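Step one of this worksheet: look at the structure below.
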Protein chains: 2
Amino acid sequence: MSQAKSKILSAATELFLSGGTSALSVRAISKKAGVSTIGIYSHFNGKQGILDELYIEGFQLVHDAMNIDVEGQSPKDIIMQGVQGYLNIAEKYEAHYRLIFGESDSSYTPSDIAQKASEQAFNRLIELASLLLPEHTSQGRKQRIALEVWAFLHGYVSLKHHVIASTVTPEQWNYLALRAVETHIDTIIDKHG
Amino acid sequence: MSQAKSKILSAATELFLSGGTSALSVRAISKKAGVSTIGIYSHFNGKQGILDELYIEGFQLVHDAMNIDVEGQSPKDIIMQGVQGYLNIAEKYEAHYRLIFGESDSSYTPSDIAQKASEQAFNRLIELASLLLPEHTSQGRKQRIALEVWAFLHGYVSLKHHVIASTVTPEQWNYLALRAVETHIDTIIDKHG
DNA sequence: TGTTTAACTATAACAGTGTTATGTTCAATG
DNA sequence: CATTGAACATAACACTGTTATAGTTAAACA
């Protein structure tokens, strides 16, 4: 990666983290990176390219957050660590999280390459969820269970972003999510384990 | 409501349903409604006002979808009808759903009045969820249980919108959501009932 | 009936947005 | 040394929400 390219990317990330997508204009990035407006188009594919990079970055973060050391731990402990990591990332990198779930820029649709990153993160989650299930479980069932956990988790994060009605603090949201998912995982273990 | 005002609103709704927020420019609305651009500002509070109307409309739809006839039905049947209604609305009025959960226009934040509409819908859900619980259950616990169901449901709808990775059809998504929430409700009944 | 008032209209402007065309500068390569 | 290619600045295009200005029209009042 050329020097200009990395400078653009770090400028974009910086603007993104502090102000979300609304602060992420092509002119603002180029100004902060010290390159011309055209530079964003020659080094990246314009705004789309920048968002793709951040989208991939976001799913990479989620992926890594669920990279748990399996050694000598119960399946439940492992997956609960993954859940905790997921919630941490969602809070710490809220801008990324919003981007990968379309809460930032509705006109943006991730490129094929960017979508690969999302698949990888989901596969990671399937691996974790599989630990709860007997080995002979079909791939489809594993996917379905992973999707359950993901939907539950993401539902809490998304409600946290958009439900201003109920007076719940960010910490409480995370706690509620953690407890609810734990209960659900217990149910899964009871049923399939 | 004056004639011009209702014409603006129906034009906005029409554009919104067919093309989402991106098709909903002030100029496009005014052109379709046959009024001047300024009309949007004199009759409504500009774009913000239009989005507020649609936001309220969206939560009203959700609210009404959960308006179940309680007579002679088990708590589970009632709440499952509500869940079904929720999923139907989310599919039929996808643009509204995306708006009320911030997937449309990240620069939009609902006004105080609009937020009231969201509270009403949530209260409706709390009423439904309360049917699963003993009468003496505290309001906080009722809220928490309602939030669980909502998070689970919304998680599925939101993933359906944004997860392009896994090859799940819209019908399958709804089915999965329905089954997962049903299982969760059974767990709630077992625990608290 | 004449005048005033209020509500509408069109046009244009402002400051943004993403994107692209034009022409220039400058360093590296043949 | 000449050529090529990459980066540059400037400006433009078509759009966005919003606002100011000025013209039109119809109803209400004296």
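Given the structure is predicted, the values throughout are model-derived calculations rather than measurements. Within every chain, numbering begins at 1; the chains are lettered A, B, ... in the order of the sequence lines, protein sequences first and strands thereafter.
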Given C:dT9, D:dA7, D:dG17, identify the nucleotide with an atom nearest to the side chain of A:Ser42. D:dA7
Rounded to whole angstroms, how far apart are CG on B:Leu24 and P on D:dT16? 11 Å
Check the distance between D:dT16's C1' and B:Tyr108's OH and give it to me in whole angstrom. 18 Å
A:Tyr97 and A:Tyr93: aromatic ring centres closer than 6.0 Å? no
Provide, to the nearest angstrom, the distance between the NZ atom belonging to B:Lys31 and the P atom belonging to D:dC15. 10 Å
Walking DNA chain C from its 5' end, the first of A:Thr37 and B:Ser36 to be reached, judged by nearest nucleotide, is B:Ser36
Whole angstroms only, please: what is the OH-C1' distance between B:Tyr41 and C:dC8? 17 Å
Which whole-number value in Å describes the distance from A:Asp105 CG to C:dT17 P? 13 Å
Which whole-number value in Å describes the distance from A:His43 NE2 to D:dA6 C1'? 9 Å
Check B:Leu178, B:Val83, B:Leu125 against B:Leu153 for a side chain to side chain contact (heavy atoms under 4.5 Å, CB included) and give me the one that passes. B:Val83
Heavy-atom nearest nucleotide on DNA chain C taken for A:Ser22 and for A:Ile38; more 5' hit belongs to A:Ser22
Do B:His184 and A:Phe152 have ring centres separated by under 6.0 Å? yes
Starting at atom NZ of B:Lys5, determine the distance to atom C1' of C:dC8, rounded to an integer number of angstrom. 16 Å
Spacing of A:Ile50 atom CD1 relative to C:dT19 atom C1', expressed in whole Å: 14 Å
Among D:dT19, D:dT16, C:dT19, find the nucleotide with the atom closest to the side chain of A:Lys47. C:dT19
State yes or no: are the ring centers of B:Tyr86 and B:His154 separated by less than 6.0 Å? no
Proximity to the side chain of B:Arg27 - top-ranked nucleotide from C:dA13, D:dC8, C:dC8: C:dA13
